Asks: 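Input: one structure, supplied below.
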Amino acid sequence: MDKTFEPQSIEKQCYQEWETAGLFKPSGEGTPYSILLPPPNVTGSLHMGHAFQHTIMDALTRYHRMKGDNTLWQVGTDHAGIATQMVVERQLNAEGKTRHDLGREDFVKKIWEWKEESGGTITQQMRRLGTSGDWDREVFTMDENLSKAVTEVFVKLHEEGLIYRGKRLVNWDPVLLTAVSDLEVLNEEENGHMWHIRYPLEESGDSIIVATTRPETMLGDTAVAVHPDDERYQHLIGKNIKLPLTNRLIPIIADDYVDPEFGTGCVKITPAHDFNDYEMGKRHNLPMINVLTEDARINDEAPERYRGMDRFDARKQVVSDLEDLDLLLKVEPHKLKVPRGDRSGSVIEPYLTDQWYVAVESLAKPAIEAVEAGEIRFVPENWNKTYYQWMHNIQDWCISRQLWWGHRVPAWYDDQGNIYVARTEAEAREKHKLADDLVLHQDNDVLDTWFSSALWPFATLGWPEKTPELATYLPTSVLVTGFDIIFFWVARMIMMTKKFTGQIPFKEIYITGLIRDENGDKMSKSKGNVIDPIDVIDGIDGDALVAKRTRGMMQPQLAEKVAKRTRKQYPDGFNAYGTDALRFTFAAMASTSRDINFDMGRVEGYRNFCNKIWNASRFVLMNTENEDCGLNGGKMELSLADRWVWAKFQQVVQEFETAIADYRFDIAAQVAYEFTWNQFCDWYLELTKAILNNPDSSDAQKRGSRHTLINVLENLLRLMHPFMPFITEAIWQRVAPLCKSLPDNVSIMVQSFPAVEQDRIDAQALEDIEWVKRFILGIRNIRGEMDISPNKPLDALLRNASNEDIRKLKATRPFIDKLAKLQKIDNLMQGEKGPASATALIGEMEVLIPMAGLIDKDAELARLQKAIEKMQKDVDRTEGKLANAKFVSNAPEAVIEKERTKLAQAKMQLVKLREQHQTIAEL
RNA sequence: GCGUCUAUAGCUCAGUUGGUUAGAGCGCUACCUUGACAUGGUAGAGGUCCCCUGUUCGAGUCAGGGUAGACGCACCA
């Protein structure tokens, strides 16, 4: 083995072997366990959020596979309608063309080509991460089977009246030229203005003042509303206004919706361009005048001078014209929420169009109940509040998109505008008994990407066919995802799966935190703080990192800042930390918090941990390969250290399993780390040296220690495999044959997970080794503080040693001699004072290191003084507690007893320390 | 407006049903090339647990109120 761990040398080959051997497939035996991969965008690439979630899913998958479950990780990718179409459109634009130049058919063909070309990127990157999904079952949302499911669901919902088509106000993206759902609109507060405009009445010279943030929409006003009880305007209700600029007559109406306190108490009503006005328009049967084109220019409904103007230019023109007419009273600055499309960033217009909707109310009810009844459990639990809040206020879902890339709406129209919904055109004709020569054309719209994603739990398992997979793996075990898509995806999967299978899609939903940069900022191209997980694995030099971060920026003016920041923070780029270090980092950071700040320092720490495992294994192999480890029989004697490490390991297995069951991957990682480094390496390996390197050890003792060394390591590798698949596999291949005879080409990933072995739990061994540790630490502390070389052999004297201490000492003598580097230990007689010494307290026993020629008097006094002060504080605090009558009368007896014991101990130790201080001071 | 979350060491974070001296990693200080590992070892330093009030024998933990910040939903033109 190399002296340091080189991840590059093992990862790729290892993965290929797993995949070729078909180890990612379900075993077909055992309790079903399944996870759905939230399908990433097929043409995307892996970001930190994916890497994090995929690590968690893979750890769970590997863990359950090793536990013997029939484990399926169902993988696949999403066609991501708008996002993908935009990418390809941008490529066309770069060639000076638009999608309309190609036409629908050729454009869609082009997207398929792009998908073939770049569609493999993310799944290849997932492989680099070691993910063990069943690639043979990989699906794409536009695959034939999935498309069939989409059509089936659409038709069935339509038959039940749960999908309908209607002309309504929708969120319209005037850049992408499509409707979007409420969820795809982000409302950001921005600085705007409030314009106060005078609307003259038709007859009297009277007028009314309205306040608006969107003066250009007045071209589509069809009323002005006041509150019915507003005394100021009572006399005007029912009168007409002569709308400036258009000279249309519009009524003054009364409606409760108007807040008399706000603005002037008069609201201009534009039903075709505002959601609230739309509702009011319906209540009062107002005409709806759409004054905008689909790309948000003024249309022919408006006076000629505005036609063709962009909405924002029109706004300026309208304001200026009103000013000329002396109808603009004032303009004040005003903060308002501006709706923007989450993809395009453009300002969304409420726009009157025909769209397809899902009536969600009846679907939402069972979906709410499933969570309320505890059939589906959110982890952490408080996310169910977020879920309920949205589900209780859910609005009908606009599912049609005016795009070309996606599942086309299965509806056909004749020239009269009749609509026929069916699985195919042929079915439509048959179902509605249409004449063969009747010309039909299919609906041009495609479905919202999330419509097909909503079917993911059952469509990927073969629905609408009744497949064995569907029967076995639904409901799936757990969904691992981010809180950002609870509404987009999670809620809709629950609704659809309930509706079409009668089952819940998953039993648990583990909501992960969001990965941010080390300052808690969201990673984004414009901030220049994006970290590519592959770069953490493979490393990247400083120049390449800067180039990567500044390439293709939307705002090139930020490039310099980004470059500067990057050079400052990562002057040499990233080291190649390897997949296992990155994965372990993710596991260790997966606590319950909702934001996770990614810190490269931790990756480095866990890379070092990998190296530690590597070198510990190197040590173990050096002492076991070509040695007798008891594999072929032979007498074995387990040392106290051997029994201790086994006992300790049982605790680790127990804690690890509990942590995984609670989705506390941070705790599981911590447990594994602590045992490996602080127990196995720091103590056990050192303790073994006292046996293996001791000429007095018997063959049986050596055999016992070698056997323990190799077998504990083998168990430990299996324990850590779900988090660190590559390094554990690489080492295990060398370790396992020393533990048991195995067929060729076996992998650690299909071995069983370590189980707690009751007969290895050994309280006495645990206690004895803890005593040894205290003894050794006591001596080391004296050495450290007294500046005595760790190499210098010392003599020690024991004072006040109990029979139990003597027993322990006898049992552990070789360990203590070796690790504390003692050459002689004598026991002082009762009452014997002993020479001037530095002392360590092990319970009631004192260990004396004679000072002659070794120890600096002042240094020892200072060391003792420090210990005395600490102990005194302890005594004071405990005494205070016990002196409190209320404490003694109210606290549980066990707690009081504990305090009493503690106080007695501390007082005794304090006395000893003072005596010692006195003795040294008198020298 | 409604709702959710966060505040603990210089930094990034754990801290379970309230109960020993509040922990880890990184960073820091001193010493150490000891045959697994300097990506290492040994010994240390470092905390007003955001603030106030309360409940309690006892509060980092529970309650109320504040301060600072993050997020979601709905919004007044």
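As the structure is a computational prediction, the values presented were derived from the model and not from experiment.
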Asks: NA contact type, A:R594, heavy-atom cut-off 4.0 Å: base, sugar-phosphate, or nothing?
Replies: base
Asks: Does B:rG47 pair with anything, Watson-Crick or G-U wobble, both distances under 3.5 Å, and if so, with which nucleotide?
Replies: none
Asks: As a quick check of understanding, evaluate side-chain hydrogen bond (donor to acceptor under 3.5 Å, both in side chains) for A:Q872 and A:D876, giving each step before the final call.
Replies: CA-CA 6 Å; A:Q872 184 65 53; A:D876 291 348; 2.9 Å; yes
Asks: Examine B:rG44: is either OP1 or OP2 under 4.0 Å from a nitrogen or oxygen in the side chain of A:N781? Give yes or no.
Replies: yes
Asks: Going by purine N1 to pyrimidine N3 plus the second Watson-Crick contact, or the G-U wobble pair, all under 3.5 Å, which nucleotide sits opposite B:rC71?
Replies: B:rG3
Asks: My understanding is that a pair needs two contacts under 3.5 Å, Watson-Crick or G-U wobble. By that rule, which nucleotide pairs with B:rG19?
Replies: B:rC57
Asks: Would you mind reading off the distance between A:F584 atom CZ and B:rC26 atom C1', rounded to a whole angstrom?
Replies: 15 Å
Asks: Determine the interplanar angle of the A:F723 and A:F584 rings, folded into 0 to 90°, and report it as parallel if under 30°, tilted if 30 to 60°, perpendicular if over 60°.
Replies: perpendicular
Asks: Kindly say if A:K881 contacts the phosphate of B:rU20, meaning a side-chain N or O under 4.0 Å from OP1 or OP2.
Replies: no
Asks: Taking the six-membered ring for Trp, are A:F483 and A:W383 parallel (under 30°), tilted (30 to 60°) or perpendicular (over 60°)?
Replies: parallel
Asks: Choosing from B:rG3, B:rC5, B:rA77, which nucleotide comes nearest the side chain of A:Q389?
Replies: B:rG3
Asks: Tell me: CH2 of A:W614 to P of B:rC37, nearest whole Å?
Replies: 14 Å
Asks: Find the distance A:N575:CG to B:rC26:P and express it as a whole number of Å.
Replies: 15 Å
Asks: Applying a 4.0 Å non-hydrogen cut-off, can you work out what A:D259 is touching in the nucleic acid: base, sugar-phosphate, or nothing?
Replies: base
Asks: Can you tell me the pairing partner of B:rU42 across any strand shown, Watson-Crick or G-U wobble, with both distances under 3.5 angstrom?
Replies: B:rA30
Asks: How long is the line joining CG of A:N615 and P of B:rU33, in whole Å?
Replies: 20 Å
Asks: How long is the line joining CD1 of A:I596 and C1' of B:rC13, in whole Å?
Replies: 10 Å
Asks: Starting at atom CG of A:N890, determine the distance to atom P of B:rG19, rounded to an integer number of angstrom.
Replies: 17 Å
Asks: Assign A:S593 to base, sugar-phosphate, or nothing according to its heavy-atom contacts below 4.0 angstrom with the strands shown.
Replies: sugar-phosphate
Asks: In the structure shown, which nucleotide is the Watson-Crick or G-U wobble counterpart of B:rA14, with both distances under 3.5 Å?
Replies: none
Asks: Tell me the interatomic distance from A:Y387, atom OH, to B:rG3, atom C1', rounded to whole angstroms.
Replies: 17 Å
Asks: Kindly say if A:W677 contacts the phosphate of B:rG41, meaning a side-chain N or O under 4.0 Å from OP1 or OP2.
Replies: yes
Asks: If I take atom NZ in residue A:K689 and atom C1' in nucleotide B:rG35, what distance separates them, rounded to the nearest angstrom?
Replies: 8 Å
Asks: On a whole-Å scale, what distance lies between the P atoms belonging to B:rG18 and B:rC62?
Replies: 8 Å
